[in-house]
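Read through the structure below, which is laid out as structure tokens, and then see the notes.
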Amino acid sequence: MSGGRRAGRRTNVALLSLLVLSLATGAAAFAIGTLPAATVVAVTHGALGVGLLVLIPWKSVIVRRAQRRRTHRPGRVAGTALGVLVVLCVASGLLHTLAGYRVYGPITALQIHVGTALSLIPFLLAHVIAHPQRPRPADLSRRVLLRTAGLGAAGLAVYAAVEGGSALLGLPGARRRATGSGEVGSGTPELMPVTQWLSDSVPVLDAGDRVRIRDQELGLAELDGTDDVTAILDCTGGWYAEQVWSGTRLDRLLGTLPADASIDVVSVTGYRRRFPASATRDLLLATRAGGTPLSAGHGAPVRLVAPGRRGFWWVKWVAEVRVVDAPWWLQSPFPLQ
Ligand code: HEM
Ligand code: HEM
Ligand SMILES: Nc1nc2c(c(=O)[nH]1)N[C@H]1C(S)=C(S)[C@@H](COP(=O)(O)O)O[C@H]1N2
Ligand SMILES: [Mo]
């Protein structure tokens, strides 16, 4: 086998590694809400993603060679679809990074980004199955390790150039948080977007509805307390807002809990998240944002405020807080509704 073919194999293996690691760090970027971990994840994710661009010249050679051969092989469609989706994914990631959080008609750049990333997975599988590339002992050679380091450095350099250029030009994206989110409506709750995770819609509720906390039923008057927490709601949709949230701290309502217990915070819609008992002192059942009662869209009458956690933990329209034995991590890492 010629050296050229081997070089092609290494490019393909590098592409596979970059794509798999991009998917993994993208998911981590959605799960992590606190600094400095969020910064590490976002920079790594960005460098891996733009690292794909660095490999374009090498991959072009492979694609042209395959086209010259003109033999009809399986997997052609998958390769082309994969190419289109990877380009859209990287382009929409960069658009979000440069232009910040913006709604383009019915959709945001980040929605396109995550949508194309998830839909490329089956095409990636099909393409790799059609063109398997076996690892070789020489893949652990010094030369290959140096090339891998070179690719990493090139990815970081392109990432730094994008970030530096964006800052120099004062583009809106340069002001985003470590999670990648742009600021919308801090201090002005009514300017925050009303966001649902997947399929929920704003329920019609009665102000007299009661919230079940362990074995007590509490009304709005009892929950409308004076605990104030300044916290950032950071939606994985790409925006964040800082507000003063008021209500009652959950540890006051729940009393002492066994150290290994968990609590389920359940919405009237069935949407729910589970937390470790140790988290309750940081959690707030909020009735107000910025001093005014919550609007229906933002979770009235009562929503959860979970400082340091991404928006999908901030359960709206709370119906019940339940103490359970099951560990908090025994739940889907992301909500399913
Ligand atoms: C960004 C990701 C990738 C894109 C956009 C892409 C796209 C393509 C396209 C369009 C072709 C030519 C048509 C075809 O034979 O399917 C091709 C060829 C090829 N791809 Fe990929 N590919 C990617 C990643 C990979 C990966 C991860 C592997 C394997 C680990 C791989 C292995 C191959 C091989 C071996 C060929 C050459 C087939 C031949 O010479 O006949 N590719 N790729
Ligand atoms: C094949 C998969 C993926 C590729 C190639 C990719 C690539 C990229 C690129 C190139 C950027 C812009 C980097 C920058 O200059 O800052 C980006 C940003 C981003 N991606 Fe991905 N991505 C992928 C999957 C995902 C997934 C699955 C998620 C979430 C579930 C995700 C979430 C994000 C977020 C939140 C940002 C913004 C980060 C920031 O602004 O610093 N990505 N991605
Ligand atoms: N019941 C319920 N609560 C929910 C959601 C949902 O879909 N259903 N979405 C979460 C997500 S993803 C975010 S970002 C915040 C958004 O809060 P907001 O609509 O007040 O801006 O609510 C969270 N709480
Ligand atoms: Mo969200």
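Whatever order the structure lists them in is the order used to number ligands and atoms, beginning at 1.
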Problem set entry | From CA spacing to verdict: salt bridge (Lys or Arg N to Asp or Glu O under 4.0 Å), Arg177, Glu242 | CA-CA 12 Å; Arg177 265 191 110 206; Glu242 185 173 64; over 6 Å; no
For this session: Using the side-chain hydrogen bond (donor to acceptor under 3.5 Å, both in side chains) rule, take Asp227 and Thr248 through it: C-alpha gap first, then chi angles, then the decisive distance, then the call.
Result: CA-CA 5 Å; Asp227 290 328; Thr248 309; 5.1 Å; no
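Note on ligand 1: Arg76 sits in its first shell, one or more heavy atoms being nearer than 4.0 Å. Under a 4.0 Å heavy-atom criterion, Leu55 is not in contact with ligand 1.
Remark: ligand 1 and Gln133 share no N or O pair separated by less than 3.5 Å (distance only, no angle test). For ligand 1, one of its N or O atoms has an N or O atom of His131 under 3.5 Å away. In terms of polar-atom proximity, Lys59 is counted as a contact of ligand 1, with an N or O under 3.5 Å from an N or O of the ligand.
For ligand 1, the atoms closer than 4.0 angstrom to any heavy atom of Gly79 are 7 (C), 10 (C). Close contacts between ligand 2 and Leu52 involve ligand atoms 5 (C) [criterion: under 4.0 Å to a heavy atom]. Residue-ligand proximity, Leu19 to ligand 2, at heavy-atom distances under 4.0 Å covers atoms 1 (C). For ligand 2, the atoms lying closer than 4.0 Å to a non-hydrogen atom of Leu94 are 12 (C), 15 (O). Of all the atoms in ligand 1, the ones that sit under 4.0 Å from a non-hydrogen atom of Gly83 are 5 (C). Listed by atom number, the atoms of ligand 1 under 4.0 Å from Leu16 heavy atoms are 27 (C). Each of the following atoms of ligand 2 lies closer than 4.0 Å to a heavy atom of Glu163: 14 (C), 15 (O), 16 (O). Annotation for ligand 1: atoms under 4.0 Å from non-hydrogen atoms of Arg69 are 39 (C), 40 (O), 41 (O). For ligand 2, the atoms lying closer than 4.0 Å to a non-hydrogen atom of Arg176 are 16 (O), 39 (C), 40 (O), 41 (O).
Partner Ser181 forms a side-chain contact (heavy atoms from CB on, under 4.5 Å) with one of His96, Arg310, Arg176 and no other, that one being Arg310. Each of Asp264, Val265, Val266 was checked for a side-chain contact (heavy atoms from CB on, under 4.5 Å) with Arg274, and the lone residue meeting it is Asp264. Considering Leu254, Val321, Asp251, Leu304 as possible partners of Leu283, the one that fulfils the side-chain contact (heavy atoms from CB on, under 4.5 Å) test is Leu304.
You'll find the side chain of Thr108 stays beyond 4.5 Å of the side chain of Trp239, heavy atoms only. Residues Val13 and Leu16 form no side-chain contact, since every pair of their non-hydrogen atoms from C-beta on lies 4.5 Å or further apart. Contact check for Leu151 versus Leu18: side-chain heavy atoms found under the 4.5 Å cut-off. Between Arg214 and Ile263, the closest side-chain pair of non-hydrogen atoms is not below 4.5 Å.
Distance check, rounded to the nearest 0.5 Å: CG of Leu285 to CG of Asp224 gives 11.5 Å.
Scored by the ring-ring contact (aromatic ring centres under 6.0 Å, His included) test, Phe275 finds Trp313 as partners (sequence neighbours excluded).
For His127, the N/O/S atom at the shortest distance from atom 21 (Fe) of ligand 1 is named NE2.
Between Ile32 and Thr179, the shortest heavy-atom distance links the atoms O-CG2, 4.0 Å. Among all heavy-atom pairs drawn from Gly247 and Leu284, the shortest one is C-CD1, 3.9 Å.
Taking the six-membered ring where tryptophan is involved, the planes of Trp197 and Phe334 are essentially parallel, since the angle between them stays under 30° and well short of 60°.
Distance from atom 36 (C) of ligand 2 to its nearest protein heavy atom, with residue and atom name: Leu110 CD1, 4.1 Å. In this structure, atom 37 (C) of ligand 2 lies nearest to the protein heavy atom His96 CD2, 3.8 Å. Ranking protein heavy atoms by distance to atom 38 (C) of ligand 2, first place goes to Gly180 CA, 4.2 Å.
The pair Asp282-Arg309 fails the salt-bridge criterion, with no side-chain N (NZ, NE, NH1 or NH2) lying under 4.0 Å from an Asp/Glu carboxylate O.
Looking only at protein N/O/S atoms, the ones less than 2.8 Å from atom 21 (Fe) of ligand 2 make 2 in total.
Of the listed options Thr97, Thr116, Leu95, Thr97 places a heavy atom closest to atom 15 (O) of ligand 2.
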